[in-house]
There are 2 protein chains.
Amino acid sequence: MSKDTLPGLTLCNNAMLRRAARKLGQFYDDVMAPSGLKATQQGLLYQIHIGNEPAMGAIAASLIMDLSALGHTLKPLIRDGYVETFADPDDRRIKRVRLTPQGLVKLDEAMKLWHVAQQRFEDVAGKDKAERLRAALDEIAALDFDLPPAS
Amino acid sequence: MSKDTLPGLTLCNNAMLRRAARKLGQFYDDVMAPSGLKATQQGLLYQIHIGNEPAMGAIAASLIMDLSALGHTLKPLIRDGYVETFADPDDRRIKRVRLTPQGLVKLDEAMKLWHVAQQRFEDVAGKDKAERLRAALDEIAALDFDLPPAS
DNA sequence: CACGAATAGTGGCATATGCCACTAAATGAA
DNA sequence: TTCATTTAGTGGCATATGCCACTATTCGTG
């Protein structure tokens, strides 16, 4: 195939996903900036909030995030006093996570901005389209790419 | 709203996008691992390849990526000898990028793996669904979130 | 009970991305 | 031509994510 007629990056599912994620991330981050939180941090605080003092592993699993990545991401939030951790009394391997009172206040503040971004997105993209998109993304997150065992 | 009935993260467009991106990224990275390249790097090499010695700004724009982020991402590829840069003779502010011969070889190798991942994804997700998804993601990338000027 | 296997996290290292302040180069207007 | 402005990148700093090797616990079994 000649270079001039090569298909663009529009063909790679992964590349398109990342590109859209950068775009949307920049927008949400922008709107949330006044709170001092990135959209990812707001999302993480929210996830912790709706969980029942979730274990790190549980959070990582629901966000489809590497456990160590979660640990790293949590650090600035702990440092800033929004989140605290404690060992599960029944299984000391397990570390549970919860919001501090300040974390709760900050989350409230951030959620207001999140609503603005979310609303703006749905206004621009269309509510139906947004909903269908989220459903499609949720499906992808649930896919199983494992090849069946060779035997 | 009570904590028990709070909606999950399934409602945030941005969070869902990032979550799906992590999932798919892990899969593509996994398949491409034998080449020593991450999916992002393969995508970047490809983008450079199909461009005509593109300027950094042009690459950043088409990937919707911050210019400085592109610079950072390029560094390991330059260090490993896959990519080289040179100043545009007509405008020395502009830095153009091209693959080295080794970069071209590496890209070929990576593309073979990319095809495997891409094919597997489409087998599992469905070809139609994948195509519709990419189209939706492309639309998002093209959206304009700016509010009309206040005046 | 003793010990090997499985589970949950941590820390180090590397890439992915962004923002901001700063520099170099090109441009346009006085 | 001169100088303010705009354009294109760079470097530093910070977060986002992942993998791997390693430690601490718990569990299951002989």
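Convention: sequence-line order gives letters A, B, ...; per-chain numbering from 1. Worth knowing before you read on, the calculation uses all heavy atoms, side chains too, and leaves out hydrogens, waters and symmetry mates.
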With respect to the side chain of B:Arg93, which nucleotide from D:dA8, C:dG9, C:dA6 is positioned closest?
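Between D:dA8, C:dG9, C:dA6, the one nearest the side chain of B:Arg93 would be D:dA8.
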
Applying side chain to side chain donor-acceptor pair (under 3.5 Å) as the test, list every pair that has at least one member in residues 29-44 of chain B; sequence neighbours left out.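 Of all non-adjacent pairs touching residues 29-44 of chain B, none passes side chain to side chain donor-acceptor pair (under 3.5 Å).
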
- Task: Measure from NZ or CZ of B:Arg120 to the centre of the six-membered ring of A:Phe145, then state whether that distance is under 6.0 Å and the direction lies within 45° of the axis.
- Result: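 Output no; distance or angle outside limits.
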
Between A:Arg92 and D:dT26, is there a contact of a side-chain N or O with OP1 or OP2 at under 4.0 Å?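 Affirmative; the distance criterion is met.
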
Letter by letter from the 5' end, nucleotides 14-21 of chain C scores (B base, S sugar-phosphate only, - none; protein heavy atoms under 4.0 Å) -SSBBBB-

> Within the structure shown, what part of the strands sits under 4.0 Å from B:Gly71 by heavy-atom distance: base, sugar-phosphate, or nothing?
Replying inline: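 Counting heavy atoms under 4.0 Å across all strands, no contact is made by B:Gly71.
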
Would you kindly give the [atom1]-to-[atom2] distance between [X] and [N], to the nearest whole Å?
X       : N     : atom1 : atom2 : result
B:Asp88 : D:dT7 : CG    : P     : 17 Å
B:Lys75 : D:dG9 : NZ    : P     : 14 Å
B:Arg96 : D:dG9 : CZ    : P     : 9 Å

What distance separates B:Arg132 CZ from A:Arg132 CZ, expressed to the nearest 0.5 Å?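 Going from CZ on B:Arg132 over to CZ on A:Arg132, the span is 10.0 Å.
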
Are more than 12 heavy atoms from other residues, nucleotides or ligands located less than 6.0 Å from atom CD of A:Glu84?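 Atom CD in A:Glu84 is crowded, with more than 12 foreign heavy atoms closer than 6.0 Å.
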
Item to complete: Tell me, with the steps shown, if B:Leu99 and B:Lys106 meet side chain to side chain contact (heavy atoms under 4.5 Å, CB included).
Response: CA-CA 10 Å; B:Leu99 299 187; B:Lys106 182 55 77 175; over 6 Å; no

Quiz item: Does B:Arg96 pair with B:Glu53 as a salt bridge, N-O distance under 4.0 Å?
Solution: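 No salt bridge links B:Arg96 with B:Glu53.
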
